Amino acid sequence: MANYSQVMLMFGFAVVAMAPALIISRMISPRKRSNPVKFLPMECGQVPSGAGRTHFMMQYYAFILMFVVFDVMAIFLYAWGATLLELEKSTILPIIAFLGIMFGAMAYALNQSKRRDIW
Amino acid sequence: MSVIAPKFKLSYFIKSLTDNIFWIIVLLTLIGIPIIMIVLIFVDLPVHDGELVNPFLAFTMIFHPELAVPFLKSIIYSDFFKIAAFPGFGFAALLAAATIFAERKLLAKMQLRVGPFYCGKFEGILQLMGDGLKLISKEIIIPAKADKPLFWAAPVLFVATAAAFVALIPVAPGWVVADLDLGLIAVFAVIGFFPIITVISSWSANSKYPFIGGIRALHQMVSFEIPLILSLLGVTILTGTLSLSEIVHAQENYWLIVFLPIGAIVFFISMLAELERIPFDLPEAESEIVAGWLTEFSGMMYGLVQLGSYIKLYAFAGLFVVLFLGGWQGPMVVPPFPEEIITEGIQAGPITVQIAGLPIVSQEMLNGTLWFTLKTVAVIFFILIPRGVFPRIRIDMLLSIGWNKLIALAFVNMFIAVGLIYAGILGPGGIW
Amino acid sequence: MSDTDSRKQEETETKLVVEKQDDLPKFEKEQSNKITEKFGSKTEIAFVKPDRVRVNVKKEDILEVASFIRDELHYDHAESVTGIDFPTDKEIEVVYHLGSYTDPKLGRQVLSLATRAPREDVPNPGNDSTRLPSLRDIFYSVEFHERECFEMLGVFFEGHPDNRRLLLPEDWADLPPLRKDFKIKGR
Amino acid sequence: MTAKLPPGLQLEKEDDKIMTLNVGPQHPGSGHMRLIIKVDGDFIVSCDPDPGYVHRGEEKMAEYRNYITNIPHLERPVIHDSCNILYPYVLGVEELLGLEVPERAKYIRVIAAELNRIVYTLYWLGIYGIFLGHSTMFMWPMGDRELAIDLLEKLTGARVTHSYFVPGGIRNDAPANFEDVCIRQVNYLEKRLRTYGDIFYDNPILIARTENTGILTREDAIRLGTTGTVLRASGVDFDIRTKEPYDVYDELDVHTNVLKNGDSYDRSKTPWLDMLESCNIIRQALEKMPKSGSVRVKLKPNPKGGDDEVYKRVESGRGSLGTYIVSRSKPEPYRLKMSVGSFRNLICLPYLLKGEKLGNMPAVYWSLNYWPVEADR
């Protein structure tokens, strides 16, 4: 288990190593609070109107829903794939059936995702 | 009297010099030495000759060559060195910096211009340092309505996640920060953090363009993660393991790209998309949404995100090498360490020193690192080239490529792998 | 420009009407004849030059004449819409330069259709009597040109769906800048 | 014009699903103008162009200066195409003053105008490349532009703002070795231009991105009064150089490039074909040009036009460029109106962008061959 903690250590090391860059930058860079317009969000030179984050529906939201299903499926396939050498050859059949079901579902979802008006 | 310093006087100059030297000495004594002490006390100190190396012993060792070598060795083989320097952060950051420079020069050559030229005597080699200095001395402007803690954290988290990714890449036999049994799964887990960070930063900026860019990044990474994961299924099937080091060991005779070219192509394309490089740089498409999710970043925050993305690039290139190009495997080109240095010692003037414990690192490690670096550089080169050749693609094209074509190809790849196993070409009875 | 000067010019301009029939280019003459046949005294052919014909109409008749030009003479788009300020006449002239893409015979031709709107000394763009009917329904391409004319000279085009400022800033509060009484500083 | 919105897009109802984006004036993909774009997710539901950020009142300024001093400032709207934007003005003044231009001057004018068209179009092409994310296509035209700029510098003495055309001819004669240098540079330039086809116009991603986006049908192109490359990409064979030849274009063999689809790809390809055609025209003109002779007729100081008006038009890099001069027996024009191609093409932008994806915005917008400074004048 020590190995997994090393990933976290690496993560922590990067945080500790990079935070000084921001702190030094904050220390040596000029800080002029002269103009409130300076701190407005980017709106191409105009005064911003409306909220920055709104209810914003990309028309491709269906793909994200598919991801939720297929990511799990992919990891499940890894459990099978890593032990393939030890398994009987006939175990491919249920996997193919499983993939068939998933492909059917995926084809339907892809077909539906072309309809922009479902969202 | 020059124009630059009209009030220049030699005596003042000498005074300022002596002042500076004085303060440097004072600060070093008051701050530097305590820091060294603290480091020596808290860092895991090696046991040498049955005796724990205490700070005072360590100090003596540093200046004693016969003792210094084992001490150095113990440092190099410590976890901290692995994390901070060699297979970890330092190595990755060095390669990332080299990549930035190489990219600029390479693109310049493709586009019939010279690229960075003036900073540094040779071909603008110090340009990167200049850029870094510029970025660090620029003001960091944070939009007034932003969620400040999240906004500050996002660039640091980005670099840190990229570093965590680097931790999983084996560079040479035994030289990996975290040698996991489920290394491949861990890679997917770490990759999964990038969209989250992107969305966090774009959400916290509270501005329209970063928001759209973040949503685009989410779509892009999400739709390319499935092909990315599935394209590596073939590797797992053929090698029967999820550990990256063992995958490399399995490629002793044949590189996996020989058997799984389709998987390699799918992985390469997904990699480009995950890295947000042209032609998949939709989240930063500057002509559509200013700079995408990077719009509100300024100064060093932007610099950190750039550093993080190039570290990520190195990590992905390294992953490609590990999975498909045989990792550190390659003919032995590093000459063996000369035995007579250990047996007879080094003749340095009147003194002959016999140093126990040399060589510090093994021949395999040097050779492996050399081959790994060469292959990684080659892959990075191929990642850089599309930027000069392709325009950016559109998000619906991207999604349809990801979901329709690449996933299908990934499954083709998987069945090729299964077929190779079941036909007996590879696997227990085959040529493996 | 002094008053007497410009008045004299106005007189000469109205007298430009065709006198030497023989020298005139044939094709252009046919075109202008078609207009005069149809509308008679409502229109006035200001000049007929090679490839260029100019027709002056009253602002009440311009829609009718423009539809005739589009449907019968096959001019299909407007090249430009120009407003010209004549302070001495207390009028603003608007000239539509019409051209044709569809009729290959008309490739060289540009027909100018001119009309005049009353001008007020103290303009209040959009609310005063400086009004003309919009030709947008007849020649779609005049949409932006008329918007420009509106902001630059204060000619309000009735029936134009989108009478907003185009080039000038939203907070422009001075005279319409292309009127003659708007002076450039220092000149 | 019925730009059909995809089903499910909300146009009428302004709820919080619609986000208003100000694209410009400080936006890498807008130029000096603003597009007020309303997006519903990834789709643009409406677009309202708002030019005028670089309005300089050229037309007003022209009323205060005489016919000669108007020349330098009238070319400012498009300094990359400064010969062409002066061309109709110079032609108009010549007609007003009744000047006869020497033959050699006419040819040199044509050469300068065509070179300038190349200079402008290469600039445009570079921007189109970078708008689509193709950075090589940004750098190559910018570098190759120098060839044509060097030629113009040799001819006119200035690199960008030439002020070369004057009523009655051109300002100065071409230098002695101009023809040799010109033909060599133009041949090389044409070779370079053909390589753009390989890297840009045959690029599969570019084709996939720009084909069938922002389609302007032939009828709409005519009805909206578009001009130049936009018009020709929609299948209308209209080029003023052949329809109403000015100077010596009637003695040259000018081929009009007409493409029929009217999508962004065709609109982006037409200027490139025009550049190749320009190389052709320059070579013809160099061949037919009188080798010596005067290039300019003497003008009286402070010339006055009569009580007259002229409307002259030429084909510039962005389409028909008309200048309408009303003269009232004064040394200054009474009214000068420039009807520029960019301004005329701008009108199709709201129609082309409606219902398009946001990613297509730069591809469609810049394919209109639009130059914000020229549209504002």
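Please read all numbers here as calculations on a predicted model, not as lab measurements. Note that these values count all heavy atoms, side chains included, but never hydrogens, waters or copies made by symmetry. Chain letters run A, B, ... following the sequence lines, proteins first, then strands; residues in each count from 1.
- Arg113(B) touches chain D through its side chain: at least one heavy atom from C-beta onward sits under 4.5 Å away, while N, CA, C and O do not.
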Quick one: do Leu107(B) and Met139(D) satisfy side chain to side chain contact (heavy atoms under 4.5 Å, CB included)? Show the steps, please. CA-CA 10 Å; Leu107(B) 268 185; Met139(D) 296 296 173; over 6 Å; no

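- Each of Asn203(D), Ile130(D), Thr136(D), Thr210(D) was compared with Pro391(B) under the side-chain contact (heavy atoms from CB on, under 4.5 Å) criterion, and only Asn203(D) meets it.
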Candidate pair Lys357(D) and Ile395(B), rule side chain to side chain contact (heavy atoms under 4.5 Å, CB included), full reasoning: CA-CA 9 Å; Lys357(D) 299 178 183 73; Ile395(B) 189 157; 5.6 Å; no

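- Residues Met397(B) and Ala208(D) approach most closely at CE-CB, 3.5 Å, considering heavy atoms.
- Side chains of Val23(D) and Val290(B) form no contact here, defined as non-hydrogen atoms less than 4.5 Å apart.
- Heavy atoms closer than 4.5 Å to chain D are found in the backbone of Met110(B), but not in its side chain.
- Proximity of Tyr209(B) to His27(D): side-chain heavy atoms (C-beta onward) are separated by under 4.5 Å at one or more points.
- In terms of non-hydrogen atom pairs under 4.5 Å with chain D, the most contact-rich of Ile289(B), Leu112(B), Leu282(B), Ile278(B) is Leu112(B).
- Residue-environment remark: NZ (Lys148(B)) exceeds the threshold of 12 foreign heavy atoms within 6.0 Å.
- Using a 4.5 Å cut-off between heavy atoms, Asp396(B) touches chain D through its side chain atoms alone.
- One distance of note links OG of Ser135(D) with CZ of Arg387(B); it measures 5.5 Å at 0.5 Å rounding.
- Heavy-atom contacts from other residues, nucleotides or ligands closer than 6.0 Å to NZ of Lys105(B) number more than 12.
- Environment of CZ in Phe101(B): crowded, with over 12 heavy atoms of neighbouring residues, nucleotides or ligands closer than 6.0 Å.
- Shortest non-hydrogen contact noted between Phe390(B) and His134(D) is C-CD2, 3.9 Å.
- More than 12 non-hydrogen atoms from other residues, nucleotides or ligands lie less than 6.0 angstrom from CZ of Phe268(B).
- When each of Trp140(D), Phe138(D), Trp366(D), Tyr365(D) is scored by its heavy-atom pairs under 4.5 Å with chain B, the top score falls to Trp140(D).
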List the steps and the verdict of side chain to side chain contact (heavy atoms under 4.5 Å, CB included) for Arg216(B) and Leu358(D). CA-CA 11 Å; Arg216(B) 281 187 177 196; Leu358(D) 184 60; 4.1 Å; yes

Would Arg209(D) and Arg392(B) satisfy side chain to side chain contact (heavy atoms under 4.5 Å, CB included), going step by step from the backbone distance to the final call? CA-CA 9 Å; Arg209(D) 258 202 80 171; Arg392(B) 181 182 308 124; 3.9 Å; yes

